[in-house]
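Naming: A, B, ... by sequence-line order, numbering from 1 per chain. Only this structure's heavy atoms are used, side chains among them; waters, hydrogens and symmetry mates stay out.
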Amino acid sequence: MAKDVILAANLGGTPIDGEELSAIPDFSSIRKEIWGKFPGAIAKKTYKPGEMIMREGESGSTAFYVLSGTVDIYINSPIASAKSKQAKSKSLFKGFTKITSYLKGEPDRTEKGRMQRTHIPVDASVDLPMDNPIATIGPGELIGELAALAALKQDRLKRPKFYPRSATVRAQTDVVMLEMLPNILNNVLYNAPAFKDKLNKNYRTRALDAHFRSVPVFCNVSQEFLDKLRDRVELVDVVPGQVICKQGDVADAFYLVRLGFVKVAQEFPGGEFVLTYLSRGSYFGEMGLLPPAFRVRARGNQPGQIAEGALSAEPLICGRAPEGDRGLAANWDDYISRDHFQMAAEGTQVRVTRLPSGKNPILFRMKPADSFLLPAGESFVVGNTTFEILEDPFLTGKRTATCTSMDFVQLVKIKAEDFALMLSEFPEVNASITEVARARRQMDMQLLNRVQTVSLNDFLKQELMQGQNLLLIDLTKCTRCDECVKACVSTHTDDVTRLIRDGLRFDKYLAPTSCRACMDPLCMTRCPVGSIRRKESLDIVIEDWCIGCGNCAIDCPYGNINVVELLINGEKGQHAEAKPKAVVCDLCTEYDEPNCVRACPHDAAIRVEPKSFFAKELAGLQLAVPNLPHHDAASANVDYSSNMETRIYSNASDLLPLLPQLKMLEGPRPGSTLQLRIPATTFGRGAENDYRFADDTQMSRNQCRIVMENKRFILTDNSSTNGTLVNGNVVTEIELRSGDVIEFGEIMLEFQSGQIL
Amino acid sequence: MIIGRDQLQWVYATTAIALASTAAYLAYAVLSANGPRGGSAMGLVFGFAGTGVIVFECLLSLRKKYPASPIGRVSLWLRAHVWLGMLSFLLILFHSGFHWGRGLASLLMWIFATITVSGIVGVALQNYIPTRMMELVRRETIFAQIPHNIIELRKEADERTEFVTADLGLEVADAEFQRAGGVKQYFDPSQKAGAAEKIAVFVEQRKNTRQIDVGQEAAAILRSHYLQEIRPFLFAKPQPLSGKLFQTEQTLQAYFNFLRTILPVASHSVLNDLESICEERRQLGVQVRLHHLLHGWLYLHVPLSMAFLVLTLVHAVVSLRY
């Protein structure tokens, strides 16, 4: 319905018929009759130098094709944070200022930690440099492709939903342009192979270099390599909703987003988690293509004799007491020399080399060897110790997330072999991309820790479950003093609060309007300049180049993003200018904790992960569980996936037995249960453990841990002094089965695998 | 600040210091030839200790100004403020040797006693009122937004009543308030136009004709009840008669039950909405009262504290100089 409104729009300008269009060289391959099927869908327009063609933030659903002349494309909004605070003192008082800044808790607002982007993506074939956001576009180029194609997705809407223009376009010379409705772009031009080829060729020759270099990690790639890459990359078009790559598939290519939005999501027990939405200038697929990362685990033949270390291309010295920072110590084995051998990753394998100081031989496949390569999963023996090579679960050559197109997406596909060649030829690119992968891997791990085991579908009308980091106010403690709001105002340099102390109530808590860091951040799906993004810490931030179009504010289902008029300080001598900018709670990422929480005098404001916090209230929920008798379900070998049913659980006591847990047989509070955490639960006397038994003198500081791997629970003893027993046997590592009895320190526990996984 | 078990360590610490100070004071009082006096060495020690605590107490407002400061959470400062505040009163009593004094010293003692009592009352209120507010005011809003919400409720009530009575002949002159945190801006012209057109159609229909036909007589009854009793309640300062009619949830329910018995069933949906609107207005009134009660003591506590600090300085200078 909405699409019909858009396609019936009157373009104005000079009407142009099929004859004239066919005479244009770029369109010569399209038959004249086809133009006749879309009357009024294309118009010729002329512009004088300096005349505005479109303004950023305006709504639009048409694309422009430059026939002759050149245009300037630029961003008019100042790229700056709004600042209303006083300027810093002069150098005379610098020391005093530092002390007062420390006491006030002001963070160091340098560029550290900010996104190191060099270009702003816009809806054209070029990206705009951050320092001077202006570019020139000439004949044969398209502007507004994304806005036009987005209009075609609006079948189900009652009213048309327009995309905002991402940049301002002004005629530089006398310009002749064709303004076209989306149907011309999609049904005629894209269907004409010659025209599409020409667009792609233009992109390869004119825009690929700049686009590639606009991505910070690729800025060091040489021109020769780009020339080589130019004809080898594949330009891929994807329709909305199409899966580009699936989690778990073998990685075969790296993708650069040329146009549109791509959703990146991971599947976990309990549902899907949207990691991010990628727009032009972003890339994905590198995780599966990076060389695998390894770990080495040394295990002696006595309980508790275990040590682990990470492997990289830099050699890791192994021995009884290796010198230096990088070393793996197997201090329990007298047959191992102080510095016995070294290990280093070489491609997809690990090389082990005996050092001159290593006296006893290394046994690999039952034979002594001084230097050899071995893949992950294999092991070798030195003295009484076995060394096993393990692979990082996130760098296994497989896709770590599912990527799905949100729009008509255009991608640049770089084959795996070309990507590998680039990494080997350009060590700095390799280092940068490995660093990005490390950050993303860290985010995955963080995510795993947050996601719970239970399937929780829409259990609250308020959709609190969408939140990852929810601000709650305990109404029985809150004196409505608004210190939280004042703290929010004073935290941000623009003096605008991100927190409004009003919202829905749940139990005795108020969930005020403040960003929830949603599992599916819908606010990120339509930003025309890619200024809203998710940080590695999963928090949402809006970068300074926001043009204030308001799309994110409209898309946020909870009304937690506002567009406000901010006074932006101009250059020296210029007046401050009011510009619309979107503002959202960034969870005070520059600080140790959100200031609204820190400022609350009554400890009423708290930030929580809702699923854990409301664990008790979750019990009355609709859950998908295996339709099996309890004694069958308790068996670890049952295939749960085949026979699921939905049940309503009205209280916690019904729900908790369904989750993986440990029942206390002996020790403090016998009969109580300890819920297992995903992916790992740690036990010990130390405060850092998930379950701490501070008074148990028989227990080590870090006694053992239980890790969930592919629906299996692995118990590992952390080299504890008195060891860990499972069913009466001393173990270093064992897969747990339901009913197993675990003993360590002075406690005895029974493992129950539960049903919901 | 909620007084709970988590405050035990403060109770122990404060009690220990208080006992130690009392022991020191008793020893000093017994051994001193002229009895305890503020000008004696020990009296000055108590005076300086008490003043030091009072200065620290006053720093709480400064600490609140910089929420991210690394020198302890605001909640920790508030706990210290409450417990050390009570201790300081004891120290000042020891300083004065339990004499109220004359002139400036007497004034200071009265002010200090008022500050301490108001602070204790404040803590007591903070322990009681938030829970009551949560229970009694289910439709709570931001305090500063209450006048705006009342205006919106009145507009809504007018609109709903006009479904039965047609145009009430009221003039709309309420200024639009800007939402806290800024106004959402929509750049989609079709959305704006669509919404405006729809609203215009509805307004015109509502004003021109009765959307719900209950007969001339019933409409006139509702109109008179609405204009004389219900609408006067939907103001920032309700008329006394209406305020009394809708004073409690029970009287409000009784009033609308009465209207439901005298008006036809067709109008009951409008009456239900009006009842809900009046109930919200009533709760906002309760919120205002509780809010004033919760924060009213601060109007005494804070200015007196500032005055006390200045007068203490004068007292110290005058006493030490002369």
Can you measure from [atom1] ([X]) to [atom2] ([Y]) and round to the nearest 0.5 angstrom?
{"X": "Leu125(B)", "Y": "Thr479(A)", "atom1": "CG", "atom2": "OG1", "value": "11.0 Å"}
{"X": "Arg480(A)", "Y": "Ile142(B)", "atom1": "CZ", "atom2": "CD1", "value": "12.0 Å"}
{"X": "Arg598(A)", "Y": "Ser75(B)", "atom1": "CZ", "atom2": "OG", "value": "9.0 Å"}
{"X": "Leu475(A)", "Y": "Glu135(B)", "atom1": "CG", "atom2": "CD", "value": "11.0 Å"}

Q) Step by step, would you call Thr476(A) with Met134(B) a side chain to side chain contact (heavy atoms under 4.5 Å, CB included)? A) CA-CA 7 Å; Thr476(A) 60; Met134(B) 189 188 75; 3.9 Å; yes
Do [X] and [Y] touch side chain to side chain, with heavy atoms closer than 4.5 Å?
{"X": "Lys64(B)", "Y": "Pro601(A)", "value": "yes"}
{"X": "Glu140(B)", "Y": "Arg501(A)", "value": "yes"}
{"X": "His602(A)", "Y": "Ile2(B)", "value": "no"}
{"X": "Arg73(B)", "Y": "Glu593(A)", "value": "yes"}
{"X": "Ser490(A)", "Y": "Pro67(B)", "value": "yes"}

Q) So which part of Val137(B) gets closer than 4.5 Å to some heavy atom of chain A, the side chain, the backbone, both or neither? A)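 Backbone only.
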Q. In terms of heavy-atom proximity below 4.5 Å to chain A, should Ile129(B) be classed as side chain, backbone, both, or neither?
A.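 Neither; nothing under 4.5 Å.
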**Q.** Residue Arg607(A) excluded, over 12 heavy atoms near CZ under 6.0 Å
**A.**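 Above 12, so yes.
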**Q.** Residue part contacting chain B, namely of Val597(A), when any heavy atom lies under 4.5 Å
**A.**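 For Val597(A), the contact with chain B is made by backbone and side chain together.
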Q) For Lys486(A), is it the side chain, the backbone, both or neither that has a heavy atom under 4.5 Å from a heavy atom of chain B? A)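 Contact with chain B: none, neither part.
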Distance-only donor-acceptor pairs under 3.5 Å for side chains of residues 7-18 of chain B, two or more places apart:
| unit_1 | atom_1 | unit_2 | atom_2 | d |
| --- | --- | --- | --- | --- |
| Gln7(B) | OE1 | Trp83(B) | NE1 | 3.0 |
| Thr14(B) | OG1 | Trp10(B) | O | 2.6 |
| Thr15(B) | OG1 | Val11(B) | O | 2.5 |

**Q.** Closest-packed option against chain A by number of heavy-atom pairs under 4.5 Å, given His291(B), Met133(B), Arg79(B), Arg63(B)
**A.**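 Max contact count across the listed options: Met133(B).
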